[in-house]
Amino acid sequence: MSKVLAIETSCDETAVAIVEDRRVLSNVVSSQIEIHRPYGGVVPEMASRQHVEMVNWAIAQALQQAGLGWAAIDGIAATCTPGLVGALLVGLTAGKTLAMLHQKPFLGVHHLEGHLYASYLSEPDLQPPFLCLLVSGGHTSLIAVRGCGEYETLGQTRDDAAGEAFDKVARLLGLGYPGGPEIDRLAKVGNGRSFPLPEGQVSLPGGGYHRYDSSFSGLKTAVLRLTQKLEQTGEPLPVPDLAASFQEAVARALTRRAIACALDYGLPAIAVGGGVAANSGLRQMLQAAAAEHQLRVMFPPLKFCTDNAAMIACAAADHLNHGHVSPLTLGAQSRMPISAVMDLYA
Ligand code: KG4
Ligand code: ZN
């Protein structure tokens, strides 16, 4: 059993949480969405500065909410990859400094491993092996989970991530940032069969298509062409129908790949993570398809799907229980494959 305090500053949330293995003792998230909204996306330099402003407050808040002092903490963790390097450095430096000061083990955590551990927070009885479908603003990955630190990426996006596609298409339709929730809201009153849109297949060199990789840039271009054509008619854009048709295409692409992957690899459950796991179209389609194939499917509650530090603390606690500790010389890295996570530990 380990109580871990974790700091997450890889993008636009300053988050700190304390977790005891798979039980959340406190979970503080300060979102920067309002700061970045006027720019239609995350401005890296502003993100780093805002993390500096908020990180000490968030740490104090997390300890207070859990009713704990430093003496009760077994380990300190921080997200160290992937993400915006300047933003990562804020949490990482705070974490390493606190670990040194309070003489606690320090653990750097891979952000995607955190998203994957969100499923353990909501389903504490979950055991590997299972398939993780990770769909966020930066990633679209299918990962086979075989144990702590044992991951194999089976599928990924060749271009835009699923969330990025939602954000870009939302901008194209004149909707606000972040676009995913806006499209989801409008899709509920639109007809997903109004416009047939391509699913985005990835061709294989010898012919045929990749079963697990996805591509969303073609879909985005198809929406662009369609809106340009519709605009020429002079009629108002049927935004809800466009949103619903786009959402349906993304949900279909993700569902088809996740089901094929789970069945091919004999993985009995699919754990979904990342901000796009909140999407109602994806939830419905994947749940129905999984039931048809007797697969278990898990969607963590929204607060654990979007960026948070509880998922980072949960991953770190498992590593700490396995005796994994990071050196204090650990640096921030903008990219790193999840299969290399064990490189973060001595
Ligand atoms: O996991 P996350 O909070 O941050 C990253 O690590 O990227 O994911 C953010 C992404 C954004 O692109 C946002 O538009 C998308 O998740 N998102 C959604 C929904 N809620 C958030 N996409 C589709 N439907 C939603 N309901
Ligand atoms: Zn994330």
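No hydrogens, no waters, no symmetry mates; every other heavy atom, side chains included, goes into these values. Note that the numbering runs from 1 along the sequence shown for the chain. First listed ligand is number 1; within each ligand, the first listed atom is number 1.
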- Message: What do you get for the angle at the Zn ion (ligand 2) between NE2 on His115 and NE2 on His111, to the nearest 10 degrees?
- Response: 100°
- Provide, to 0.1 Å, the distance between atom 10 (C) of ligand 1 and the closest protein heavy atom, together with that atom's residue and name. Gly137 N, 3.6 Å
- How about Asp343 and Met336: do any of their side-chain heavy atoms sit closer than 4.5 Å? yes
- Message: Are Tyr117 and Pro300 packed together at the side-chain level, in the sense that at least one heavy-atom pair is separated by less than 4.5 angstrom?
- Response: no
- Do Asn308 and Glu13 have a side chain donor and acceptor closer than 3.5 Å? no
- Message: Under the salt bridge (charged side-chain N to carboxylate O under 4.0 Å, His left out) definition, can you give me all pairs with a residue in residues 103-128, not counting sequence neighbours?
- Response: Glu123-Arg296, Asp125-Arg296
- ligand 1 atoms nearer than 4.0 angstrom to some heavy atom of Gly163 are 12 (O)
- Have a look at ligand 1 and work out which part of His111, if any, has a heavy atom under 4.0 Å from it: side chain, backbone, both or neither. side chain
- ligand 1 N/O within reach of Gly180 N/O, cut-off under 3.5 Å: yes
- Aromatic ring pairing Phe166/Phe246, orientation class (parallel under 30°, perpendicular over 60°, tilted between): perpendicular
- Side chain to side chain, Val135 and Leu254, heavy atoms closer than 4.5 Å: yes
- Item | Test of proximity, Gly274 against ligand 1: N or O pairs below 3.5 Å | no
- Determine, using heavy atoms of Pro181 and all atoms of ligand 1, whether some pair is separated by less than 4.0 Å. yes
- Is there a heavy atom of His115 sitting under 4.0 angstrom from any atom of ligand 1? yes
- Query: Gly275 to ligand 1: N or O pair under 3.5 Å?
  - Reply: yes
- If we number the atoms of ligand 1 from 1 as shown, the ones under 4.0 Å from a heavy atom of Thr306 are 3 (O)
- Message: Could you check whether Tyr212 and Asp264, counting side-chain N and O atoms only, form a donor-acceptor pair closer than 3.5 Å?
- Response: yes
- Item | Residue portion contacting ligand 1 (non-hydrogen atoms closer than 4.0 Å) for Asn279 | both
- Item | Side-chain heavy-atom pair Leu224, Gln228 within 4.5 angstrom cut-off | yes
- Going by the atom numbers of ligand 1, which of them fall below 4.0 Å from some non-hydrogen atom of Gly138? 7 (O)
- Under-4.0 Å heavy-atom contact with ligand 1, by part of Asp167 that carries it: side chain
- Task: For Ser48 and Gln50, test the side chains for any donor-to-acceptor distance below 3.5 angstrom and give the result as yes or no.
- Result: no
- If you check every N/O/S atom of Asp307, which is the one nearest the Zn ion (ligand 2)? OD1
- Task: Looking only at protein heavy atoms, identify the closest one to atom 26 (N) of ligand 1 and say how far it is in Å.
- Result: Asp184 OD2, 2.9 Å
- Message: Testing the 3.5 Å rule here: is there a donor-acceptor pair between the side chains of Asp318 and His324?
- Response: no
- Around atom 6 (O) of ligand 1, find the nearest protein heavy atom and jot down its residue, atom name and distance. Asp307 OD1, 3.2 Å
